Amino acid sequence: MRITILGSSHGVPEPHRRCSCAMIQVGDRYYFVDMGMNPIDDLRTRQIPVEAVKGVFITHTHGDHVNGLVGFADLVNWYFKAADPVMLLPEQDVIDLLKQWIPTVNHGSIRDLRFACYKEGVIYDDGVLKVTAIRTQHIAVSYAFLLEAEGRKVLFTGDLHHGSPTDFPEIAYSTYLDMVFCESAHFPVTEYKPIFAKCDIGKVCVQHYAPRFDSLLRGFIEDMKPLAVVIANDGAEFDI
Ligand SMILES: [Zn+2]
Ligand SMILES: [Zn+2]
């Protein structure tokens with residue numbers, strides 16, 4: 001499984017950092033966790049067929065995690081007609097708005113796009129990638145995702161509780177995780193210290209981090225050794 005962070009920024013773009021978007025490759029199949037930016041430019045540049053995208057999973061419907069889906073779904077609707085990704089969101093209201101937006105900008109035309117609203121639990125399993133949604137306390141409806149593929153387990157925390165990650169997913173305390181992708185936009189990264197001390201994790205990637213906490217990142221990497229902690233900017237790639 002290869003994970004490429006296309007968008008690593010916090011709620012707003014920073015120089016060379018776009019909003020949340022992670023691309024997951026398993027064999028010749030591609031998936032996305034969050035789409036705060038439209039990744040079709042990147043797919044074209046990397047010569048990855050849009051048709052290879054099988055699933056889009058949105059942790060929560062804040063704009064910095066979902067706004068890119070508007071442009072992505074629009075292009076899938078009218079141009080990349082052989083593409084048929086499942087697009088899973090946690091709020092039906094937003095799906096309804098997308099289903100209004102797309103025909104509004106396409107002369108009334110919308111094809112049978114596979115939007116669906118998910119709830120907690122296993123939300124996707126195509127035999128290649130399994131995605132489990134775990135409730136968090138970031139907003140009224142928000143989730144972390146456990147991804148399982150090729151015998152590996154990867155956790156995306158999504159956005160967590162404001163002030164402190166008290167809602168860090170319980171599974172991390174009882175299951176070995178090959179990698180954890182976590183945020184530091186809503187609290188200092190140092191808040192993870194007692195959590196990671198109790199977890200068995202292969203590697204941690206901090207992304208979706210806010211500039212006001214930048215000064216803590218380098219010290220955190222040192223403090224957490226021997227746990228491998230990396231800070232991801234746009235384009236960071238991980239083979240897991
Ligand atoms: Zn966010
Ligand atoms: Zn958020």
Side-chain angles (χ1 to χ4, degrees), residues 3-24 31-39 42 55-73 87-95 97-98 115 117-120 123 131-147 154-169 172 179-192 195 204-214 216-217 220 229-236 238:
I3 297 182
T4 306
I5 303 298
L6 297 183
S8 65
S9 200
H10 58 116
V12 297
E14 294 290 343
H16 308 296
R17 291 177 64 210
R18 302 172 294 182
C19 285
S20 285
C21 187
M23 181 170 73
I24 291 91
Y31 311 86
F32 286 91
V33 169
D34 284 333
M35 227 176 236
M37 44 152 284
N38 180 353
D42 291 72
V56 178
F57 315 109
I58 305 295
T59 58
H60 65 294
T61 56
H62 273 159
D64 61 313
H65 295 256
V66 74
N67 282 346
L69 183 59
V70 178
F72 176 83
M87 293 174 276
L88 302 184
L89 297 89
E91 299 211 56
Q92 186 62 44
D93 286 1
V94 179
I95 294 173
L97 287 168
L98 284 163
F115 289 114
C117 188
Y118 72 82
K119 296 196 186 310
E120 197 160 23
I123 62 170
V131 181
T132 304
I134 302 160
R135 199 72 180 250
T136 62
Q137 304 301 314
H138 175 57
I139 53 174
V141 183
S142 57
Y143 292 89
F145 290 145
L146 176 67
L147 273 54
V154 175
L155 179 70
F156 278 84
T157 65
D159 288 3
L160 296 172
H161 189 262
H162 289 251
S164 180
T166 50
D167 53 343
F168 197 84
M179 194 151 179
V180 172
F181 290 84
C182 58
E183 67 122 328
S184 178
H186 301 94
F187 44 80
V189 71
T190 46
E191 291 284 324
Y192 286 120
I195 293 172
V204 169
C205 171
V206 182
Q207 37 119 47
H208 201 53
Y209 60 91
R212 67 184 184 281
F213 301 132
D214 273 5
L216 299 170
L217 293 172
F220 183 70
V229 178
V230 294
I231 311 300
N233 288 321
D234 291 11
F238 303 94

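Because the structure is predicted, anything quoted here is derived from the model rather than measured. Whatever order the structure lists ligands and atoms in, that order sets their numbers, starting from 1. Start at 1 with the first residue, then count along the sequence.
Excluding waters, the set of protein N, O or S atoms lying under 2.8 Å from the Zn ion (ligand 2) comprises His60 NE2, His62 ND1, His138 NE2, Asp159 OD2.
Taken from NE2 in His208 to NE2 in His186, the straight-line distance is 5.5 Å, to the nearest 0.5 Å. The SG atom of Cys21 sits 10.0 Å away from the CG atom of Leu69 when rounded to the nearest 0.5 Å.
Between Phe145 and Phe156, the distance separating the two ring centers is not shorter than 6.0 angstrom.
A distance-only check finds no donor-acceptor pair linking the side chain of Glu183 to the backbone of Thr157 [under 3.5 Å].
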Set out, in order, the CA-CA distance, both residues' side-chain angles and the distance that settles side chain to side chain contact (heavy atoms under 4.5 Å, CB included) for Asp159 and Ser142, then state yes or no.
CA-CA 8 Å; Asp159 288 3; Ser142 57; over 6 Å; no
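Across Thr59, Val141, Asp167, a single residue satisfies side-chain contact (heavy atoms from CB on, under 4.5 Å) together with Thr136, and that is Asp167.
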